2 protein chains.
Amino acid sequence: MLGVAAGEGDRSGRRATIIDVAHHAGVSIASVSKVLRGAPGVSSAMKERVNASVEALSYRPHRLARGMRGPMFTVGVMLSDIENPFFSLLIQGMVEVFGSQGYELQIAPATAGEESQNSVIDSLIDHQMDGLILIAPRGREEHLERIGEQVPMVVIGPHGPSEHYDTVSGDDELGSALIVDHLVSLGHRRIAFLTNEHPADRLNLPESARARGFEEAMGRHGLSDDLLFVPGVWSLEGGRDAARRILEASPRPTAVHAGADVAAFGILSYLWEEGVRIPEDVSVAGYDNSPMGSFTPISLTSVDQSGHEMGAIAAKLLLERIAGRSEPHNDVLTPRLIVRGTTSAPGAAIQSR
Amino acid sequence: MLGVAAGEGDRSGRRATIIDVAHHAGVSIASVSKVLRGAPGVSSAMKERVNASVEALSYRPHRLARGMRGPMFTVGVMLSDIENPFFSLLIQGMVEVFGSQGYELQIAPATAGEESQNSVIDSLIDHQMDGLILIAPRGREEHLERIGEQVPMVVIGPHGPSEHYDTVSGDDELGSALIVDHLVSLGHRRIAFLTNEHPADRLNLPESARARGFEEAMGRHGLSDDLLFVPGVWSLEGGRDAARRILEASPRPTAVHAGADVAAFGILSYLWEEGVRIPEDVSVAGYDNSPMGSFTPISLTSVDQSGHEMGAIAAKLLLERIAGRSEPHNDVLTPRLIVRGTTSAPGAAIQSR
DNA sequence: CTACAGTTGGATAACGTTACATAGGAGGCG
DNA sequence: CGCCTCCTATGTAACGTTATCCAACTGTAG
């Protein structure tokens, strides 16, 4: 009873520790730890006493101290673009899975730069996360491979085949081809594709896969001479900028595959301002099926990737890896075309011939 | 030299610790720690040796172990809605400030529910974050107050006055009034406001302030009898739903203050589908000035809140609190009206009188 | 009544770092 | 030449957990 100066009293201010709980319950630290972890070898009377003290002191375990020895029960997500609404969908899918499995999720925001992303990933590792999910990382495969050796990891995006981590991605090549098939079946021949700035040496980004799918499908239809790559950036402004150049192109394309919804919005915006009729004069298709696209007056033809499901799958794969699986899984989800109002048979363009 | 069994060899696989670095450099652990922390009392020769070993072993400090004694140099953000693009803006503002000050940012995603948010906040505290930023939390003031006593905290949203934490918010009441003033000056009298579901007892949410501002301004213009509150939800679907009811209202309002851009998008979508002309038949205004709103054909009249700046201010306030300030700051940013194409003098509506 | 198995509770060494207290050595001054 | 001072480098006790090992106790069978 008459212990150290401070004594038994709940000297408030400081957070209660497992030691405080042990004193309060009049049992050993080890026993409290056992109860808290649900470890075997404790009587129900002991459980009750400890739980009462935990309640009384409103004790919460110190995650760092716990993490010093065992798992943190926390996974980290590297988010390469916090503004991308598709990525938000992914995260919602993850949250549900992890939440139901007692894992916590922490997001580290990065920018599009490889350097920023790498430092964010390192930080996540420094924080002893039990696993990592990388959303559309820009890092080189060999670098990712090295990270995957250190910590359970899942990459969202068209990477792989991988040795030390799992991947989940949509079949962007197929999705892109679906758009081309759709446009060609409507009668289009001259089709433009807006490329996202992509260095030639890094071939495993969504933009690269979509570009490949576009090129392949155009070739399959015998239209290799009718395709037009428009270099630019997948953003509202980038779309507007690209639209300007598309209008100036000669011969002018009758359809545009924007590569991404956000770019399509920019393109639409510019075309509307210029009095170009959609879809009569120019058909426009996006990619991602963002919520905004489904609404009037946009009604954008797009490709759905079911981001929610993709996030959930990534989460499940990560949990499996944390549990010990080491053979790599590479899940590819099949995208589907959503036809809406911005695509139709070429009208004015055909007449002008 | 002939130490323990494992000896000096870089037994790889495990992550290098400060002890490995000390052995490698042939100095004490304490010295390594000093160099790493930039503490005074180390010779430049020592610095060089240690840094060389750090490099050689590619050592990275263990954040948890560090956090056990001192600060974590990590701040946590409770994000109540990951889909809200305005919140993304806030985070971008924060990232810049924290990044430049050597702090890391981790985001914990929550849902709109108070319960979910509280558990996320608790978790952030369990992770020993040095400070917390809460984005539009739903918790009661007294609960927030209690958290603020435990850890440096900044709340973004119209809370306060507070005793133990800082707040940053836009003047939503004023912003809402700006919209009303604008509409009234154009000649509107009958104006609808889309309320976001808000329990009567929790008055300090943005939606409440915007509702108050609407009511106050209408009263100021002697239009208290002409206002129409439309209960609903601030989302695309919620906007569409509200638009339906607004069209059925009698007398039909000539203008709608949607409360938020996302709701305005839904309203516009439905009205366009129904063949209602914007702005001739009905004027629509949003709130938040989201990027999409500025583009044709939406061109939404809205209120700008400079989210980027708001996030940066929140970050700075938090750093001040972490540094020791305890007097509460309550920053209020002045919003500004952005007039675009969805508002004009009432046309058809006036003729129908 | 003793020996033994089975069960329950407790001491304690890690985990990787920081920061405090102190030892050792060089240099300056009387 | 010795003492004092400063400066650098080191040893080590925390921080709050977990998990292993061990002691004590209970009950049971011989």
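Remember, predicted model here, so these are calculated numbers, not experimental data. Letters A, B, ... are given to chains in the order of the sequence lines, protein chains preceding strands, and every chain is numbered from 1.
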Residue among I18(B), N51(B), D20(B), V42(B) satisfying side chain to side chain contact (heavy atoms under 4.5 Å, CB included) with V32(B): I18(B)
Are any non-hydrogen side-chain atoms of L144(A) and M153(A) less than 4.5 angstrom apart? yes
Heavy atoms only, 4.0 Å cut-off, all strands: where does S43(B) land among base, sugar-phosphate and nothing? sugar-phosphate
Any sub-3.5 Å donor-acceptor pair from S100(B)'s side-chain atoms to V97(B)'s backbone N or O? yes
What nucleic acid atoms does R37(B) come within less than 4.0 Å of, heavy atoms only: base, sugar-phosphate, or nothing? base
Pair I91(B)-I107(B), side-chain contact (heavy atoms from CB on, under 4.5 Å): steps then yes or no: CA-CA 9 Å; I91(B) 289 174; I107(B) 302 169; 3.7 Å; yes
Students often get this wrong, so: under 4.0 angstrom with heavy atoms, is T17(B) touching a base, only sugar-phosphate, or nothing? sugar-phosphate
Can you list, in residue-number order, the parts of residues 44-55 of chain A that come under 4.0 Å of DNA chain C, counting heavy atoms only? M46(A)
Mind calculating the distance between CD1 (I19(A)) and C1' (dG16(D)) to the nearest angstrom? 7 Å
Of all the choices, dT18(D), dT12(D), dT17(C), which nucleotide is nearest to the side chain of A30(B) once you look at every atom? dT12(D)
Only distances under 3.5 Å count here; give the side-chain donor-acceptor pairs of residues 67-82 of chain A to other protein atoms, sequence neighbours excluded, each with its distance to 0.1 Å.
from, atom 1, to, atom 2, distance (Å)
T74(A), OG1, R63(A), NH2, 3.2
T74(A), OG1, M72(A), O, 3.1
T74(A), OG1, H127(B), NE2, 3.4
S80(A), OG, I135(A), O, 2.9
S80(A), OG, A136(A), O, 3.4
D81(A), OD1, E83(A), N, 2.9

R63(A) atom CZ is separated from dC15(C) atom P, nearest whole Å, by 22 Å
Ranking K34(B) and R60(B) by the position along DNA chain C of their nearest nucleotide, the one closer to 5' is R60(B)
Given dG16(D), dT17(C), dG9(C), identify the nucleotide with an atom nearest to the side chain of A65(A). dG16(D)
Let me know, please, whether V32(A) or P40(B) comes out on the 5' side of the other along DNA chain D by nearest nucleotide. P40(B)
R66(A) side chain: which of dG10(C), dA9(D), dT18(D) is closest? dT18(D)
Got a donor-acceptor pair under 3.5 Å from the side chain of R69(B) to the base of dA19(C)? no
What integer distance in Å separates M68(B):CE from dA19(C):C1'? 15 Å
Does a sphere of radius 6.0 Å around CD in E149(B) hold more than 12 heavy atoms from other residues, nucleotides or ligands, not counting ones at 6.0 Å or beyond? yes
